[in-house]
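Below, chain A is the first sequence line, B the second, and so on; all start at residue 1. Only a predicted model underlies this, so the values are computations on that prediction, with no experimental measurement involved.
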There are 2 protein chains.
Amino acid sequence: MKHTRSAITLDDVARHAGVSASTVSRVLAGKNVVRSSTVLRVQETARRLGYVVNPHARVLAGGTSTTIGFLVRAMFGPAFSALASGVEAEAAERGSLIMISTTRGDPDREAELVKMMRDQRAAAVILVGEAHIDDAYELRMATYADALTAVGSRLVLAGRPPLTSRPNVASVQYDNVAAGHVATQHLLELGHRRILCATVTGMSTSSERLAGYRAAHAEAGLPVDDDLILEGSSTAEGTEDLVSRALSAGLNFTAVLAITDVLATGALRALRRAGVEIPDAVSVTGIDDDPTAADLDPALTTVRIPFEEVGRVAAKLCLGHRQSTDLHRVLPIELVVRHSTASPPTT
Amino acid sequence: MKHTRSAITLDDVARHAGVSASTVSRVLAGKNVVRSSTVLRVQETARRLGYVVNPHARVLAGGTSTTIGFLVRAMFGPAFSALASGVEAEAAERGSLIMISTTRGDPDREAELVKMMRDQRAAAVILVGEAHIDDAYELRMATYADALTAVGSRLVLAGRPPLTSRPNVASVQYDNVAAGHVATQHLLELGHRRILCATVTGMSTSSERLAGYRAAHAEAGLPVDDDLILEGSSTAEGTEDLVSRALSAGLNFTAVLAITDVLATGALRALRRAGVEIPDAVSVTGIDDDPTAADLDPALTTVRIPFEEVGRVAAKLCLGHRQSTDLHRVLPIELVVRHSTASPPTT
DNA sequence: TTGAAAGCGCTAACAA
DNA sequence: TTGTTAGCGCTTTCAA
């Protein structure tokens, strides 16, 4: 069944403006080879007729698409929301649409989705979020990048380690090492010497933040007691458990650096359950600055990660000129001191 | 600059399989008019060559697109996440992609976005979330629906009032009236007689839930004291204020029905701040069953809204057959009793 | 500075 | 059951 072809085509505009289709195409593409009086007439006609390009025809004829592919692990959580909002806001300002899909952390699925997006001729594909760093990672990203570049698209890594060896992969990151560093430094400056670190295994984000924790200690000439590093859980509940166990095992510490705000809430709960005063007996800091961090009790000291800005920059990288010089951007982080940290008790 | 046209086209497949392009097209479209031996040969060839249709060419030639347009107010919150995940999951199972964009509650922007999605020939456009119900609402939706229907697409309303007068608008809703009703009934059955209702003005969702509150009272032969209806705020903070003020004004009530879980957290805070025991002195129930509801203290009694299922059904409505009979689906809700409700004090 | 002509990869009458 | 023939609406050489 044919549907009403109500849409105005480029040919309609050409006819009404008394020029050829090619000229209209040139005007609309902003090629400055057309006489300005013609430009004006064509633009006026297009507006009057309410003409809108047919994106499919444009792409098919070899033109460029402006839709952005956006691949995330899952559509949950404040980090996702902020980042996605950033991408969307930037895209909206430029009249682009975004195609979103979830990988569920499955590399095969991820690969398939990248392929789908490429087949849709996405202007670029953004891959978001912490990655399991294994040997295959670099190779996978390189494969994606090549597949995309081959059709004039591009790969943009957001919040993931960049592939600096590759000239065709763009990236936006936040400085995870600095985040771990500044949080630890804050604790160290308050006088804490035994800082528990609740972290996750095998994820790029956590290991970088942990590196910051170590670096801050090294800088201050202080050793790190590896017993203080609590690895393993990526949930609030898990961390609650781990911290509770550390507490009842009599582990000695006066502060906790949770590698994410989510883990921090777990630590907070464990401490509170054990009747430990925060921050009087033990200080707690998170990293991320989730919107809820300020609402915790006590309000959480944390490190702000500019997720929305990351999204915006990623979108810019997608839509920007190919030869853009700085393909690798690192966004600054910022310590946010609230009420969950204080000097250690002066026993 | 031309890019490597590495992609295999339908013509390539036709040539390799020794048939015409149309035959390949028919096979791929699943039209059962082709000899089965041919079907097999073509499928085999397509697979061997790694052929993937070019969606742009397909759409341009009058074929049908399978990408879903998804318009939300903002990409925040558990309800959004669950609903979007549902849409995405269903779409993924069918090999569809979804285009997402945010309206920011601006009708003009919404209209423009619907137009963009139509120009992209989205298979259907899902409009999500509570709507300001004014006179223009119905007209706006009807306009969208007609614009979409004209190009073989369709409008799907999710979590919004349906346009039953229109045969070309599909909808999935959850039963808001029942939600308000069941929560109120629960409170009534516990023995509460003065139930404060924290609600929002002018939104379809809230007014329906409020209607449930009234209905439950009417059914029990109980009057509703309009002083108990606290209208105005749509945030936890605002509700905290309102409830605090009601408390200090000496308003008499033994339970609170918050029209959303978010408002419930505000009520909880106000009550706790005033030293009111929950649920011993005052019971509180929310509606929505946000993932965090169980983590509140005390764990919140609420009504589960099947957001993810709403998303799945909406996606099905997008991709399903046009002549699908039940264009209007209402999904059931369910009371979840936890620890924030109890019988009123027997003073 | 502009137009004519040739596709991009696919679908859909219409024939055969 | 299959092939032939036209396009869908746009971009882009190549000429003028």
Side-chain angles (χ1 to χ4, degrees), chain A residues 1-42 45-46 49-66 118-121 150-152, chain B residues 1-43 45-46 49-66 118-121 123 150-152:
Chain A
M1 153 176 60
K2 265 278 189 290
H3 295 284
T4 350
R5 287 258 157 246
S6 53
I8 310 283
T9 73
L10 184 146
D11 273 312
D12 297 331
V13 178
R15 206 167 320 112
H16 282 256
V19 295
S20 77
S22 345
T23 300
V24 177
S25 176
R26 288 183 188 111
V27 171
L28 266 32
K31 298 216 199 294
N32 34 346
V33 286
V34 187
R35 191 190 303 154
S36 56
S37 64
T38 315
V39 172
L40 253 42
R41 183 154 39 95
V42 170
T45 312
L49 263 35
Y51 169 76
V52 197
V53 292
N54 179 322
H56 299 294
R58 186 208 277 287
V59 170
L60 187 57
T64 51
S65 154
T66 66
R118 187 207 51 188
D119 293 335
Q120 295 267 0
R121 298 289 186 278
V151 297
Chain B
M1 155 175 57
K2 264 276 189 291
H3 295 285
T4 350
R5 286 260 158 245
S6 53
I8 310 284
T9 73
L10 183 145
D11 274 312
D12 296 331
V13 178
R15 205 167 321 112
H16 282 256
V19 295
S20 77
S22 347
T23 301
V24 178
S25 176
R26 288 184 189 109
V27 171
L28 267 32
K31 299 216 197 296
N32 33 344
V33 286
V34 188
R35 189 189 304 156
S36 56
S37 64
T38 315
V39 171
L40 255 42
R41 185 155 38 97
V42 170
Q43 285 177 334
T45 313
L49 263 35
Y51 169 75
V52 197
V53 292
N54 179 322
H56 300 293
R58 185 208 277 286
V59 171
L60 188 57
T64 52
S65 155
T66 65
R118 187 208 49 190
D119 293 335
Q120 295 266 0
R121 297 288 185 280
V151 298

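- Between A:Arg26 and A:Val39 there is no side-chain heavy-atom pair separated by less than 4.5 Å.
- Side-chain proximity of A:Ala61 to C:dC10, C:dC8, C:dG3: nearest is C:dC8.
- Partner of B:Asn54 under the side-chain contact (heavy atoms from CB on, under 4.5 Å) criterion, chosen from A:Asp119, A:Val59, A:Leu60: A:Leu60.
- One interatomic measurement links the two molecules: CG of A:Leu60 to P of D:dT12, which rounds to 12 Å at whole-angstrom precision.
- Closest to the side chain of B:Thr38, from the set C:dC10, D:dT1, D:dG9, is D:dT1.
- Spacing between atom CG of A:Leu40 and atom C1' of C:dT1 amounts to 16 Å, rounded to whole angstrom units.
- Per the geometry, CG belonging to A:Leu10 stands 12 Å off P belonging to D:dT12, to the nearest Å.
- When all heavy atoms of B:Val24 and B:Ala14 are compared, the pair lying nearest together is CG2-CA, 3.6 Å.
- Closest approach of A:Tyr51 to A:Leu28, counting heavy atoms only: CE2-CD2, 3.3 Å.
- Annotation: of the two residues near DNA chain C, B:Arg26 and B:Asp11, the 5′-most nearest-nucleotide partner is B:Asp11.
- Put simply, CG on B:Leu49 is 14 Å from P on C:dG9, counting in whole angstrom units.
- When the side-chain nitrogen and oxygen atoms of A:Thr23 are compared with OP1 and OP2 of C:dG3, one or more of them lie within a distance under 4.0 Å.
- Atom P of nucleotide D:dT11 and atom NE2 of A:His56 are separated by 14 Å, given to the nearest angstrom.
- For B:Lys31, the listed nucleotide lying nearest its side chain is C:dA12; candidates were C:dA12, D:dC10, D:dG3.
- Remark on DNA chain D: of its neighbouring residues B:Ala57 and B:Val34, the 5'-side contact belongs to B:Val34, judged by nearest-heavy-atom nucleotide.
- Atom CZ in A:Arg58 sits roughly 20 Å away from atom C1' in C:dC10 (whole-Å rounding).
- One can place CZ of A:Arg121 at 10 Å from C1' of C:dC8, the figure rounded to the nearest angstrom.
- Residue A:Arg35 has no polar side-chain atom (N or O) positioned under 4.0 Å from OP1 or OP2 of C:dT1.
- Contact annotation: A:Ser25 side-chain N/O to D:dC10 OP1/OP2 distance is not under 4.0 Å.
- When all heavy atoms of A:Thr64 and A:Arg58 are compared, the pair lying nearest together is O-CD, 3.4 Å.
- Between B:Thr9 and C:dG9 there is no side-chain N or O to OP1 or OP2 distance below 4.0 Å.
- When rounded to the nearest whole Å, the span between CG of B:Asn54 and C1' of D:dC8 equals 13 Å.
- Nucleic acid contact class of B:Ser22 (heavy atoms, under 4.0 Å, all strands): base.
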